[in-house]
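Let me begin by presenting the structure, written as structure tokens, before commenting on it.
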Amino acid sequence: MQIALIILALLVGLRVALPHIVKKYVNKKLDEMPEYDGRIGDVDMHLWRGAYSIQDVDVIKTDGDVPVPFFSSRRVTFSVEWKALFDGALVGEIDFYYPVINFVQGPSQKTRQVGVDKPWLHVIKELFPLNINRFAVHDGTIHYRDFHSRPKVDLKMDQVQVLGTNLTNSEKLSKSLVADIKMTGRAFESAPMEVKAKLDPSTRRATFDLAARMRAVALIKLNDFAEAYGNFSFEKGTFSVTSELAASNGKLTGYIKPLFDDIAVIDLSDAKDNPLKLVWESIVAGVSRLLRNQPQNRFATKIPISGTLDDPKVDVLSTLGNILKNEFIRAFTHEFEGNIEPADAERERSQ
């Protein structure tokens with residue numbers, strides 16, 4: 001009886017101490033990231049379902065001058081994927097709740113944070129030893145910021161929901177060797193957007209099919225960006241974009257199709273004290289009026305993309321030709337065309 005009580009007391013003590021042990025371990029691993037430092041709040045253990053949650057995550061750039069964290073999240077949960085376990089596979093899943101990512105542009109390396117390095121994947125692996133087969137983002141937000149431009153820029157995508165499945169590339173789990181990623185959200189606080197991708201995680205070089213679309217957004221919501229980087233502003237109009245991309249072992253093909261409707265650029269009251277700015281806005285407005293599809297009042301083109309992921313190429317002549325096609329032959333729409341295949345697949349079919 002005494003031995004049983006001792007064992008019970010040890011188990012209770014371990015359960016009480018475990019969150020503090022895990023918190024110390026997680027903070028240590030986050031500290032090991034190059035150029036960044038991480039801190040978390042509380043840790044909640046859910047031993048009955050093979051999971052633990054970390055609260056109030058912040059990842060901050062340490063070797064620069066950036067006033068916002070690169071990544072933050074109210075809660076991140078690592079757990080065993082029980083559905084896969086019932087199918088005989090021991091894999092994990094991650095859920096991010098209210099995450100925020102800040103991409104920051106600036107005049108120097110110290111004032112920028114624009115990417116995620118490979119060691120981050122190693123950190124996640126150390127925080128949760130199982131292969132991740134599923135991940136989900138719940139109500140996330142992505143910012144593009146520039147604190148040094150005039151005016152300052154903050155482009156935001158919010159209400160982001162992401163679901164990635166079959167990331168271990170297991171035919172046993174899903175009857176398919178293809179991983180699926182689906183994403184929805186809202187761009188610039190008004191425009192619905194969607195991304196659907198299928199990829200093969202087992203290939204050494206990227207192999208995927210991707211379709212992305214953002215519905216019409218009022219151009220005045222982009223005025224800070226237009227003024228900061230183009231020295232012009234929009235009075236009215238909408239912007240939407242559609243893209244389909246495919247890659248086979250890193251070889252890329254696809255297109256981006258931007259569409260502008262009912263554009264008005266010049267604002268005399270804003271530019272009257274700056275003659276050079278007025279001239280630039282006049283050129284932008286005049287070109288867009290000349291080359292827009294008049295019945296649709298739409299300025300659009302289709303930008304073909306090829307090459308590799310490391311060195312993508314844009315077909316400039318085709319892009320210019322598609323501007324004229326939109327003007328004189330047929331106005332482009334924001335619908336997917338559905339005719340993009342990886343270069344290898346096209347070559348094999350032609351042989």
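Values in this document were obtained by computation on a predicted structure and should not be read as measured data. FYI, the numbering just counts along the sequence from 1. Values reported hereafter were calculated over all heavy atoms of this structure, with side chains retained and with hydrogens, waters and symmetry mates removed.
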Output field: ring centroids Phe96/Tyr98 closer than 6.0 Å: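 So the answer is no for these two rings.
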Validation row: Pro151, Glu227 side chains within 4.5 angstrom (heavy atoms):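 Counting from C-beta outward, Pro151 and Glu227 do come under 4.5 Å.
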Just so I know, are the side chains of Val162 and Ile181 near enough to count as touching, which here means a heavy-atom distance under 4.5 Å?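 The answer is yes; the side chains approach within 4.5 Å.
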As a test of understanding, state which of Lys156, Met214, Met157 forms a side-chain contact (heavy atoms from CB on, under 4.5 Å) with Phe188.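 Answer to the side-chain contact (heavy atoms from CB on, under 4.5 Å) test with Phe188 among Lys156, Met214, Met157: Met214.
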Just to verify, which of Leu219, Ile220, Asp224 counts as forming a side-chain contact (heavy atoms from CB on, under 4.5 Å) with Leu222?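 Of the listed residues Leu219, Ile220, Asp224, the side-chain contact (heavy atoms from CB on, under 4.5 Å) partner of Leu222 is Leu219.
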Parallel, tilted or perpendicular, judged at 30° and 60°: which one describes the rings of Phe103 and Phe70?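 Answer is perpendicular, since the angle exceeds 60°.
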Is the ring pair Tyr144/Phe225 parallel, tilted or perpendicular, if the boundaries are 30 and 60 degrees?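 Perpendicular.
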Using modelled atom types and a 3.5 Å cut-off, is there a donor and acceptor pairing between side-chain atoms of [X] and backbone atoms of [Y]?
X      : Y      : answer
Asn223 : Phe234 : yes
Gln161 : Asp139 : yes
Asp261 : Thr238 : no
Ser73  : Tyr97  : yes

Might you point out which heavy atoms bring Thr111 and Val104 nearest each other, and give the distance in Å?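 Scanning both residues completely, I find the closest heavy atoms to be O-CG1, 3.5 Å.
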Begin from the C-alpha positions of Thr253 and Lys251 and carry the test side-chain contact (heavy atoms from CB on, under 4.5 Å) through to its verdict. CA-CA 7 Å; Thr253 185; Lys251 296 177 181 178; over 6 Å; no
For the atom pair NZ (Lys61) and CZ (Arg112), what is the distance rounded to the nearest 0.5 Å?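 Here the rounded value is 9.0 Å.
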Geometric cation-pi criterion Lys302 and Tyr255, 6.0 Å radius, 45° cone: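 Yes, Lys302 and Tyr255 form such a contact.
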Identify which one of Thr207, Asn166, Asp180 satisfies the side chain to side chain donor-acceptor pair (under 3.5 Å) criterion when paired with Lys198.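 Output: one option passes, namely Asp180.
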